[in-house]
Amino acid sequence: MFSAKIKQQVLSEYLQGTPSRLLMRKYGIKGSATIHQWLTHFKLFGIQGLENHSRKTFYDYSFKIKVIKWRQEHRASYPVTAAHFKLKHPVMIWDWERKLIEGRLKPFKGRSLKMTDKAKQSKTLKQLQEENELLRIRVAYLEKLEALAQKKSQTKRKPS
């Protein structure tokens, strides 16, 4: 909705001390979170972070798994994880995790890659190892979920 030039102007004024509510009124920005998001994108990606991209970026399956594993291992929030991997939208990570839990995150979805046989075999082995690790994570998650459900139903049964 806003050009990169307008975003730069807003951030310039904001960093010079102009309150966000005045900038919102002046430029027709609906919420102060928008200005803070522009600032975050600028800090992470520079001027390019302010540009509007009409095309989607494709992230392969192994990258998505790497991001999900890193977030779980470091117990990081979505914004922190997104910043670590230089992703503009933290909600993408949440979406990948939901798809993983639901069994809808699949390798090579909608994409075909041309590789030599040897590269294809090593890629396949790597994918199988990642998928195996992923299934372990999923099983552990489902076991915890089931244990919580059982615990909840047991507490409902006990009269107090």
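The shown structure was predicted, so the numbers you read here are calculated from the model rather than taken from an experiment.
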Participant: Could you go through Q129 and E133, starting from their C-alpha distance and side-chain angles, then the distance that decides it, and tell me whether this counts as side chain to side chain donor-acceptor pair (under 3.5 Å)?
Facilitator: CA-CA 6 Å; Q129 289 170 338; E133 178 64 24; over 6 Å; no

Participant: Are Y27 and L15 grouped together when hydrophobic residues (ILVMFWY) are joined by side-chain heavy atoms under 4.5 angstrom apart?
Facilitator: yes

Participant: Would S62 and Q127 count as a side chain to side chain contact (heavy atoms under 4.5 Å, CB included) if you check the C-alpha gap in whole Å, the side-chain angles of each, and the deciding distance to 0.1 Å?
Facilitator: CA-CA 7 Å; S62 60; Q127 285 176 342; over 6 Å; no

Participant: Atom NE2 of H41 and atom CG of L11: how far apart are they, to the nearest 0.5 Å?
Facilitator: 11.0 Å

Participant: Let me confirm one number: the CD1-CD1 distance from I6 to I29, rounded to the nearest 0.5 Å.
Facilitator: 9.0 Å

Participant: Which pair of heavy atoms, one from L105 and one from W96, lies closest together, and at what distance?
Facilitator: CD2-O, 3.9 Å

Participant: When rounded to the nearest 0.5 angstrom, what distance separates CD1 in I68 from CD1 in I101?
Facilitator: 8.5 Å

Participant: Would you say L135 and Y61 are hydrophobically clustered, going by side-chain heavy atoms of ILVMFWY under 4.5 Å?
Facilitator: no

Participant: Restricting to non-hydrogen atoms, name the atom on S20 and the atom on Y14 that form the minimum distance, rounded to 0.1 Å.
Facilitator: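 Here S20 and Y14 meet closest at CB-CE1, 4.0 Å.
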
Participant: Can you establish whether the number of heavy atoms outside R21 located under 6.0 Å from its atom CZ is more than 12?
Facilitator: no

Participant: Any chance you could lay out the salt bridge (charged side-chain N to carboxylate O under 4.0 Å, His left out) test for D60 and K64, step after step, and finish with the verdict?
Facilitator: CA-CA 6 Å; D60 68 0; K64 293 174 185 178; over 6 Å; no

Participant: Taking NZ, NE, NH1 and NH2 as the nitrogens, is one of them in K7 or E51 under 4.0 Å from a carboxylate oxygen of the other?
Facilitator: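 Between E51 and K7 there is no salt bridge, as every charged N stays at least 4.0 Å from the carboxylate O atoms.
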
Participant: Output the distance between atom CG (D95) and atom CE (M92), rounded to the nearest 0.5 Å.
Facilitator: 9.5 Å

Participant: Are the side chain of K106 and the backbone of G103 linked by a donor-acceptor contact shorter than 3.5 Å?
Facilitator: yes

Participant: Looking at residues at least two apart in the chain, or sitting in another chain, which of them share a ring-ring contact (aromatic ring centres under 6.0 Å, His included) with F42?
Facilitator: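 F42 satisfies ring-ring contact (aromatic ring centres under 6.0 Å, His included) with no residue once adjacent residues are dropped.
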
Participant: Spell out, yes or no, whether W38 and L22 are grouped together once hydrophobic residues are joined by side-chain heavy atoms under 4.5 Å, including indirect joins.
Facilitator: no

Participant: Is there a path of hydrophobic side-chain contacts, each under 4.5 Å between heavy atoms of I/L/V/M/F/W/Y residues, joining I93 to F63?
Facilitator: yes

Participant: For the pair K69 and E130, evaluate salt bridge (charged side-chain N to carboxylate O under 4.0 Å, His left out) and give the outcome as yes or no after the intermediate values.
Facilitator: CA-CA 10 Å; K69 281 183 184 178; E130 288 174 350; 5.8 Å; no

Participant: About how many Å separate NZ of K26 and OG1 of T18, when rounded to the nearest 0.5 Å?
Facilitator: 7.0 Å

Participant: Counting only heavy atoms not in E102, do more than 12 fall under 6.0 Å of its CD?
Facilitator: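 Counting other residues, nucleotides and ligands, CD of E102 exceeds 12 neighbours.
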
Participant: Is it true that, when you exclude K66 itself, more than 12 heavy atoms of the residues, nucleotides or ligands shown sit nearer than 6.0 Å to its NZ?
Facilitator: no

Participant: How long is the straight-line distance from CD of E13 back to CD of Q16, given to the nearest 0.5 Å?
Facilitator: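 Nearest 0.5 Å value for the CD-CD distance: 7.0 Å.
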
Participant: List the atom of M24, the atom of I35, and the distance in Å for their closest heavy-atom pair.
Facilitator: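 Nearest pair, atom of M24 first, then I35: CG-CD1, 4.0 Å.
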
Participant: Test of understanding: clusters of I, L, V, M, F, W, Y form through side-chain heavy atoms closer than 4.5 Å, transitively. Do L142 and L148 belong to the same one?
Facilitator: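 Result: no, two separate clusters.
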
Participant: List, one per line, each side-chain donor-acceptor pair under 3.5 Å for residues 77-87, sequence neighbours excluded.
Facilitator:
{"from": "S77", "atom 1": "OG", "to": "V80", "atom 2": "N", "distance (Å)": "3.3"}
{"from": "Y78", "atom 1": "OH", "to": "R71", "atom 2": "NH2", "distance (Å)": "3.2"}
{"from": "Y78", "atom 1": "OH", "to": "E97", "atom 2": "OE1", "distance (Å)": "2.8"}
{"from": "T81", "atom 1": "OG1", "to": "S77", "atom 2": "O", "distance (Å)": "2.8"}
{"from": "H84", "atom 1": "NE2", "to": "W70", "atom 2": "NE1", "distance (Å)": "3.4"}

